[in-house]
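Below is one structure, written out as structure tokens; the observations come after it.
Since the structure is predicted, the reported quantities are computational estimates derived from the model, not experimental observations.
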Amino acid sequence: MTGTTRGWLLAAGLTALGAAAVWAATASLNNYLLTLIAFAGINVMLAVSLSLSNGLTGLFSLGHPAFMMVGGYIAAILTFPANRKGFMLPDLPEWLAAQQWPLLPALLVGGAVAGLAAIMAGFPVLRLRGHYLAVATLGLIFILRAVVNNLDGYTRGALGLSGIPKLTDLWWVYAWVVITLFVCWRIKHSSLGRTMMAMRENEMAAACMGVPLARTRLMAFAIGAVFAGIAGGLWAHLVTNLTPTSLGVFLAFQLVVMVVLGGQGSLAGAALAAIGLSAIANLLRPVEQSTGIYGMTQIVVALVLIGVLIFRPQGLFGSREPGVLMRRPESSAPSRTAASTQTTHLEQRGST
Amino acid sequence: MLLSADGLTKRFGGVVALSGYGISVQSGELIGLIGPNGAGKTTVLNLLTGVIRPTEGRIVVSGQDITGWRADRFTARGIARTFQNIRLFRDLSVLENVTAALHLRHGPGLAPTVLALPSARRAEHGMVARGYELLGLFDLADQAHARAADLPYGEQRKVEIARALATEPKLLLLDEPAAGMNPAETRRLMDVIRQVHETLSLTMIVVEHDMSLIMNLCRRVQVINRGEVLADGAPAEVQADPAVIEAYLGTRRARAHA
Ligand SMILES: Nc1ncnc2c1ncn2[C@@H]1O[C@H](COP(=O)(O)OP(=O)(O)O)[C@@H](O)[C@H]1O
Ligand SMILES: [Mg+2]
């Protein structure tokens, strides 16, 4: 059995296992718990895609909530009941007001527009580095907020768009989590992913090895934004209302904590951290309510971040993935028969 | 003519790092570029690889003026390099350093990658096999999975050359490849450079400040000092040039006797 076949079997097995878990959950848990799990799943999508665009390339973007807003509003406008669009969203052009789309195409369009928005924003913003980039991408959240507020004929502005049909359920979220993981995993473990990591390691050397820096950066940023946009659509159809402040700085902060906690560029790490932090937040909510100490979640999240930065700055997995999920290097070595004289001493080191 | 540069001037603020530099490189040449520290050798390499843009002058590669292009476009046009202060992708494995550079010519695009098309898998296998071959040239195949930054200094220099070769250059520029190596390592490296030049019939420019190394390796030597070309010719001619003796050998001797 080749390493590749092993990888596919493992992926198929994990997907089936997850599906069984989702099935068991929908059969036995109440709606409240199912919604919490769906939120955790959306966080997994967000953290994994952010881990791709930030962790692999070494960018530091906080802009994910902005792209969620783009995807969320677009998808919500597309699925909104046509009979209520007329008076809720009076500025919509007639052809759009007459539409009432199913969830899937609405999510896809929302994700695509979020990706385009990232490309447009990325041209100027991705020239910046480090803190400057972080602040500029944070600015995207506020720009989007202002846009949504001002386009109130399309978005209901500060009032928020309420009564969005509740189309998202755990199955939708699960399917998108699987797709996000699959796509990000493929990219990370591909030649393109290697060029992104090369750029992270040394920009000048990467450029001299033929990596087009601006394009590669933009690609990683836009791929992350597409998934953020889709996640925003799922979120809107789970919560059923969307305001300009629903998706903001605290979420950006939480997502960064998940990525840092998981290890820069470790997708499995980001996914586990997203699940863990979601669980902590939800366990703390009843405690907050019973003690009256609101904001405890924020404090715990911040403490977790500080603790990780001090005691394990590389995160759970560094930039690697847990060993069981990885192919062994043997599988990718050329076969001995094909080896030339120059490759006669190809003893592999198991180095995962 | 593979490459020609003329009138290259580079000013950093008030500092003139290079002034009116020119070179023409024929296919198959192995040229030594020497000069004392601060002469402008690295600046020449940075200009010829698009890492920095000249204040004046132009660079023509295979008949096309590529002055002002981005570094990755220079590489795509067939110019590759190594760095004086090693710039490996430190956290990646030795093999990944080389395969990252193979992407330029052999990497699959985004769609085949994401869709896991057979073409992407074939490309990946091809790149890995080619990566091992290139590492084999430098006896590095058994280090393929080591983290690049964990290799000894001398080996890291060799990984840099292997990585540069992975871009399949027509012209390879090496910036002080023997810096920091002991005499035995240096001799071995010079053999490898000669071998790469001959077996791949690769055109090369080797930057070195140690004149004796270059005199044995190259049939053509260019000497620069304070940003200007002092001499360009066969090693014997260059060594006999009074300006070179004055500016270069003089300072070397003075230092050697100090
Ligand atoms: N980025 C830079 N900014 C300012 N001065 C520079 C820069 N790069 C090189 N120089 C100056 O240009 C001159 C030539 O440097 P360099 O090309 O590195 O010399 P060499 O490689 O021959 O030792 C030196 O005086 C150096 O200080
Ligand atoms: Mg130098």
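Interface check for chain A: of the options B/T82, B/L92, B/T49, the most heavy-atom pairs under 4.5 Å are formed by B/L92. Chain A forms more heavy-atom pairs under 4.5 Å with one residue of B/A123, B/A100, B/G107, B/A116 than with any other, namely B/A116.
Side-chain contact between B/V114 and A/I223 is absent, with no heavy-atom pair separated by less than 4.5 Å. Counting only heavy atoms from C-beta outward, the side chains of B/P108 and A/S190 never approach each other to under 4.5 Å.
If you take CD on B/E124 and OG on A/S191, they are separated by 6.0 Å, rounding to the nearest 0.5 Å. The OG1 atom of B/T113 sits 15.5 Å away from the NZ atom of A/K188 when rounded to the nearest 0.5 Å. Taking CE from A/M197 and CD from B/E96, the interatomic distance works out to 5.5 Å, rounded to the nearest 0.5 Å. If you take CZ on B/F89 and CZ on A/R194, they are separated by 11.5 Å, rounding to the nearest 0.5 Å. Distance check, rounded to the nearest 0.5 Å: CG of A/N202 to CZ of B/R90 gives 9.5 Å.
In summary, A/E203 and B/R87 do not engage in a salt bridge, as defined by a charged side-chain N under 4.0 Å from a carboxylate O.
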(Q) Show, in sequence, the C-alpha distance, side-chain angles and deciding distance for A/M204 and B/V51, and conclude whether the side-chain contact (heavy atoms from CB on, under 4.5 Å) test is met. (A) CA-CA 7 Å; A/M204 190 199 285; B/V51 166; 3.9 Å; yes
Q | From CA spacing to verdict: side-chain contact (heavy atoms from CB on, under 4.5 Å), B/L104, A/V211 | A | CA-CA 7 Å; B/L104 173 66; A/V211 178; over 6 Å; no
Could you list the donor-acceptor pairs under 3.5 angstrom formed by side chains in residues 68-76 of chain B, with sequence neighbours left out?
unit_1	atom_1	unit_2	atom_2	d
B/R70	NE	B/D72	OD1	2.8
B/R70	NH2	B/D72	OD2	3.0
B/T75	OG1	A/C208	O	2.9
B/T75	OG1	B/A71	O	3.0

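For A/A206, the parts sitting under 4.5 Å from any heavy atom of chain B are the backbone and the side chain alike.
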